Amino acid sequence: MTSEEFRRIWLPLSDSFYRTAYYILESEADAKDAVQDLYVKLWNSKDSLDGILKPQTYGISVLRNLCLDRLRHRKVARTESMDEGMPVASDEAPPDRRMIEKDTLGKLKDLIEKLPDKQRTVLKLRVFEEMDYDKIAEVTKLSEVNLRVLLSAARKTLRNSLGYEKN
(Lines give C-alpha, C1' and ligand atoms only; values in the text may rest on other atoms or scores of the structure.)
Protein backbone atom coordinates (compact mmCIF):
# COMPACT_ATOMS: atom_id res chain seq x y z
CA MET A 1 0.00 0.00 0.00
CA THR A 2 1.39 3.37 -0.96
CA SER A 3 1.37 6.37 1.33
CA GLU A 4 -1.25 8.03 -0.89
CA GLU A 5 -3.56 5.01 -0.64
CA PHE A 6 -3.02 4.92 3.10
CA ARG A 7 -3.97 8.60 3.40
CA ARG A 8 -6.99 8.16 1.16
CA ILE A 9 -8.36 5.07 2.93
CA TRP A 10 -7.35 5.37 6.58
CA LEU A 11 -7.08 9.07 7.47
CA PRO A 12 -10.77 9.92 6.79
CA LEU A 13 -11.67 7.36 9.46
CA SER A 14 -9.85 9.25 12.24
CA ASP A 15 -13.02 10.88 13.65
CA SER A 16 -14.77 7.54 13.90
CA PHE A 17 -11.69 6.01 15.52
CA TYR A 18 -11.46 8.88 18.01
CA ARG A 19 -15.13 8.57 19.01
CA THR A 20 -14.69 4.85 19.57
CA ALA A 21 -11.56 5.33 21.66
CA TYR A 22 -13.17 8.10 23.69
CA TYR A 23 -16.23 5.92 24.34
CA ILE A 24 -14.02 3.13 25.69
CA LEU A 25 -11.40 5.18 27.55
CA GLU A 26 -13.56 8.12 28.68
CA SER A 27 -10.55 10.44 28.36
CA GLU A 28 -9.77 12.87 25.56
CA ALA A 29 -6.01 12.58 25.94
CA ASP A 30 -6.04 8.78 26.15
CA ALA A 31 -8.36 8.57 23.15
CA LYS A 32 -6.06 10.76 21.06
CA ASP A 33 -3.05 8.68 22.13
CA ALA A 34 -4.85 5.45 21.29
CA VAL A 35 -5.78 6.69 17.82
CA GLN A 36 -2.20 7.78 17.25
CA ASP A 37 -1.00 4.32 18.36
CA LEU A 38 -3.51 2.80 15.94
CA TYR A 39 -2.16 4.82 13.02
CA VAL A 40 1.42 3.89 13.92
CA LYS A 41 0.43 0.24 14.05
CA LEU A 42 -1.46 0.49 10.75
CA TRP A 43 1.41 2.32 9.06
CA ASN A 44 3.93 -0.25 10.26
CA SER A 45 1.80 -3.00 8.72
CA LYS A 46 0.71 -1.04 5.61
CA ASP A 47 2.01 -3.72 3.27
CA SER A 48 -0.49 -6.23 4.66
CA LEU A 49 -3.49 -3.85 4.58
CA ASP A 50 -4.24 -4.25 0.86
CA GLY A 51 -6.56 -7.20 1.49
CA ILE A 52 -8.72 -5.40 4.07
CA LEU A 53 -12.24 -5.09 2.64
CA LYS A 54 -13.72 -3.06 5.49
CA PRO A 55 -11.04 -0.69 6.79
CA GLN A 56 -13.28 0.95 9.39
CA THR A 57 -14.30 -2.37 10.94
CA TYR A 58 -10.72 -3.62 10.93
CA GLY A 59 -9.40 -0.36 12.40
CA ILE A 60 -11.99 -0.29 15.17
CA SER A 61 -11.18 -3.88 16.05
CA VAL A 62 -7.46 -3.09 16.36
CA LEU A 63 -8.26 0.14 18.22
CA ARG A 64 -10.53 -1.68 20.67
CA ASN A 65 -7.67 -4.02 21.56
CA LEU A 66 -5.30 -1.07 21.99
CA CYS A 67 -7.83 0.64 24.28
CA LEU A 68 -8.35 -2.49 26.35
CA ASP A 69 -4.57 -2.76 26.76
CA ARG A 70 -4.52 0.85 27.97
CA LEU A 71 -7.30 0.13 30.46
CA ARG A 72 -5.46 -2.93 31.78
CA HIS A 73 -2.28 -0.91 32.10
CA ARG A 74 -4.18 1.88 33.86
CA LYS A 75 -5.64 -0.63 36.32
CA VAL A 76 -2.21 -2.14 37.05
CA ALA A 77 -0.61 1.29 37.42
CA ARG A 78 -3.38 2.42 39.78
CA THR A 79 -2.95 -0.71 41.91
CA GLU A 80 0.81 -0.25 42.06
CA SER A 81 0.54 3.43 42.99
CA MET A 82 -1.98 2.57 45.69
CA ASP A 83 0.43 -0.02 47.09
CA GLU A 84 3.27 2.53 47.12
CA GLY A 85 1.12 5.23 48.68
CA MET A 86 -0.14 3.01 51.48
CA PRO A 87 2.89 1.89 53.52
CA VAL A 88 0.71 0.18 56.12
CA ALA A 89 -2.11 -2.31 55.70
CA SER A 90 -5.64 -1.07 56.30
CA ASP A 91 -5.82 -2.93 59.65
CA GLU A 92 -2.65 -1.16 60.77
CA ALA A 93 -3.86 2.30 59.68
CA PRO A 94 -4.43 4.93 62.35
CA PRO A 95 -7.84 4.57 64.04
CA ASP A 96 -9.19 7.83 62.59
CA ARG A 97 -8.32 6.73 59.09
CA ARG A 98 -9.94 3.31 59.61
CA MET A 99 -13.06 5.05 60.89
CA ILE A 100 -13.21 7.31 57.82
CA GLU A 101 -12.68 4.34 55.49
CA LYS A 102 -15.36 2.34 57.27
CA ASP A 103 -17.78 5.28 57.15
CA THR A 104 -17.14 5.87 53.44
CA LEU A 105 -17.53 2.17 52.69
CA GLY A 106 -20.82 2.09 54.60
CA LYS A 107 -22.10 5.10 52.64
CA LEU A 108 -21.01 3.50 49.39
CA LYS A 109 -22.84 0.26 50.18
CA ASP A 110 -26.00 2.21 51.02
CA LEU A 111 -25.74 4.24 47.82
CA ILE A 112 -25.23 1.11 45.73
CA GLU A 113 -28.37 -0.42 47.19
CA LYS A 114 -30.32 2.72 46.26
CA LEU A 115 -29.29 2.54 42.59
CA PRO A 116 -31.91 1.43 40.06
CA ASP A 117 -32.05 -2.37 39.73
CA LYS A 118 -30.25 -2.67 36.38
CA GLN A 119 -27.50 -0.23 37.36
CA ARG A 120 -26.96 -1.98 40.69
CA THR A 121 -26.83 -5.41 39.06
CA VAL A 122 -24.39 -4.37 36.33
CA LEU A 123 -22.18 -2.50 38.82
CA LYS A 124 -22.01 -5.45 41.20
CA LEU A 125 -21.22 -7.92 38.42
CA ARG A 126 -18.54 -5.68 36.93
CA VAL A 127 -16.88 -4.40 40.10
CA PHE A 128 -17.42 -7.05 42.74
CA GLU A 129 -17.63 -10.16 40.56
CA GLU A 130 -15.00 -8.75 38.13
CA MET A 131 -16.92 -10.07 35.11
CA ASP A 132 -16.09 -8.83 31.64
CA TYR A 133 -18.74 -7.17 29.49
CA ASP A 134 -19.33 -10.27 27.37
CA LYS A 135 -20.15 -12.38 30.42
CA ILE A 136 -22.37 -9.67 31.95
CA ALA A 137 -24.22 -9.34 28.63
CA GLU A 138 -24.76 -13.09 28.62
CA VAL A 139 -26.08 -13.10 32.20
CA THR A 140 -28.28 -9.99 31.94
CA LYS A 141 -29.34 -10.36 28.29
CA LEU A 142 -28.40 -6.69 27.73
CA SER A 143 -26.20 -5.34 24.94
CA GLU A 144 -22.62 -4.32 25.69
CA VAL A 145 -23.46 -0.71 24.81
CA ASN A 146 -26.36 -0.75 27.24
CA LEU A 147 -24.11 -2.24 29.94
CA ARG A 148 -21.55 0.53 29.48
CA VAL A 149 -24.26 3.19 29.68
CA LEU A 150 -25.73 1.66 32.85
CA LEU A 151 -22.31 1.30 34.45
CA SER A 152 -21.32 4.85 33.56
CA ALA A 153 -24.58 6.20 35.00
CA ALA A 154 -24.14 4.18 38.20
CA ARG A 155 -20.57 5.40 38.67
CA LYS A 156 -21.58 8.99 38.00
CA THR A 157 -24.38 8.75 40.57
CA LEU A 158 -21.99 7.32 43.15
CA ARG A 159 -19.31 9.94 42.45
CA ASN A 160 -21.85 12.75 42.74
CA SER A 161 -23.39 11.31 45.90
CA LEU A 162 -19.98 10.94 47.57
CA GLY A 163 -18.89 14.40 46.41
CA TYR A 164 -16.10 13.17 44.12
CA GLU A 165 -15.48 14.69 40.75
CA LYS A 166 -14.13 12.72 37.83
CA ASN A 167 -10.67 13.83 36.68
Side-chain angles (χ1 to χ4, degrees), residues 1-87 104 108 111-112 115 118-119 121-140 142-167:
M1 174 173 283
T2 67
S3 61
E4 180 56 39
E5 290 174 319
F6 185 86
R7 269 187 242 128
R8 183 177 48 79
I9 295 171
W10 294 98
L11 292 184
L13 301 173
S14 64
D15 286 341
S16 174
F17 292 154
Y18 171 77
R19 286 191 305 275
T20 301
Y22 185 82
Y23 178 77
I24 295 170
L25 299 171
E26 299 178 339
S27 163
E28 183 178 342
D30 285 344
K32 287 179 180 178
D33 289 344
V35 172
Q36 185 173 3
D37 290 347
L38 169 67
Y39 277 113
V40 168
K41 190 172 189 116
L42 291 171
W43 179 255
N44 288 338
S45 62
K46 69 181 182 289
D47 295 332
S48 63
L49 296 177
D50 288 328
I52 304 297
L53 299 176
K54 296 183 178 181
Q56 185 172 12
T57 304
Y58 178 80
I60 287 176
S61 180
V62 173
L63 179 64
R64 180 181 175 274
N65 291 332
L66 289 169
C67 290
L68 293 176
D69 288 344
R70 282 181 170 275
L71 290 173
R72 282 186 208 104
H73 177 72
R74 188 188 299 168
K75 185 175 181 180
V76 169
R78 186 173 49 225
T79 302
E80 288 172 356
S81 69
M82 287 172 67
D83 291 343
E84 292 169 4
M86 301 282 279
T104 303
L108 187 58
L111 291 170
I112 289 171
L115 288 171
K118 287 183 179 180
Q119 287 182 15
T121 300
V122 170
L123 182 74
K124 284 182 175 181
L125 292 173
R126 180 73 176 148
V127 175
F128 299 119
E129 301 295 325
E130 297 181 352
M131 287 186 183
D132 61 15
Y133 289 105
D134 294 335
K135 185 68 175 171
I136 297 171
E138 184 181 313
V139 169
T140 62
L142 297 169
S143 71
E144 187 173 324
V145 171
N146 198 355
L147 294 175
R148 289 182 186 277
V149 168
L150 289 168
L151 190 58
S152 178
R155 287 177 174 160
K156 183 176 181 179
T157 300
L158 294 175
R159 273 194 309 269
N160 290 340
S161 298
L162 290 172
Y164 298 133
E165 292 182 5
K166 185 178 174 190
N167 294 336

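Given the structure is predicted, the values throughout are model-derived calculations rather than measurements.
Considering CD1 of I9 and CD of E4, their distance stands at 10.0 Å, rounded to 0.5 Å. Of the inter-residue distances, the one linking L11 atom CG with F17 atom CZ reads 9.5 Å to the nearest 0.5 angstrom. To the nearest 0.5 Å, the span separating CG on N146 from OG1 on T140 amounts to 8.0 Å. Rounding to the nearest 0.5 Å places CG of L142 at 9.0 Å from OG1 of T121.
Residues passing the salt bridge (charged side-chain N to carboxylate O under 4.0 Å, His left out) test with E5, sequence neighbours excluded: none. Take K124 and apply the salt bridge (charged side-chain N to carboxylate O under 4.0 Å, His left out) test, not counting sequence neighbours, and it matches E113. Under the side-chain contact (heavy atoms from CB on, under 4.5 Å) criterion, A31 pairs with Y18, A21, Y22, not counting sequence neighbours. By the side-chain hydrogen bond (donor to acceptor under 3.5 Å, both in side chains) test, S16 is found to be paired with Q56, residues two or more places apart in sequence or in another chain being considered. R148 meets the salt bridge (charged side-chain N to carboxylate O under 4.0 Å, His left out) test with E144; sequence neighbours excluded. Considering only residues two or more places apart in sequence or on other chains, D132 meets the side-chain hydrogen bond (donor to acceptor under 3.5 Å, both in side chains) condition with none of them. With sequence neighbours left out, K156 forms a salt bridge (charged side-chain N to carboxylate O under 4.0 Å, His left out) with no residue at all.
Applying the ring-ring contact (aromatic ring centres under 6.0 Å, His included) definition to pairs two or more places apart or across chains, those involving residues 41-60 are F6-W43. Screening residues 32-41 for salt bridge (charged side-chain N to carboxylate O under 4.0 Å, His left out), with sequence neighbours left out, gives E28-K32, D37-R70.
Nearest approach of Q119 to A153, heavy atoms of both residues: NE2-CB, 3.5 Å. The shortest non-hydrogen separation linking D69 to R72 is OD1-NH1, 2.8 Å. Between A137 and L147, the shortest heavy-atom contact is N-CD1, 3.4 Å. Taking both residues in full, the closest heavy atoms of R126 and M131 are given as NH1-O, 2.9 Å, listed atom of the first, atom of the second, then distance.
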Indicate every side-chain donor-acceptor pair of residues 59-68 with a distance under 3.5 Å to a residue at least two apart or in another chain.
residue: N65; atom: ND2; partner: S61; partner atom: O; Å: 3.4

Run the side-chain donor-acceptor check on residues 47-54: report pairs under 3.5 Å with partners two or more places apart or on a different chain.
residue: S48; atom: OG; partner: S45; partner atom: O; Å: 2.9
residue: D50; atom: OD2; partner: M1; partner atom: N; Å: 3.4

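Inter-residue side-chain proximity for I136 and L151 is flagged as unmet; no heavy-atom pair is nearer than 4.5 Å.
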(request) Quick one: do T157 and L111 satisfy side chain to side chain contact (heavy atoms under 4.5 Å, CB included)? Show the steps, please. (result) CA-CA 9 Å; T157 300; L111 291 170; over 6 Å; no

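Counting only distance, with no hydrogens or angles, the side chain of S152 and the backbone of V149 share no donor-acceptor pair below 3.5 Å.
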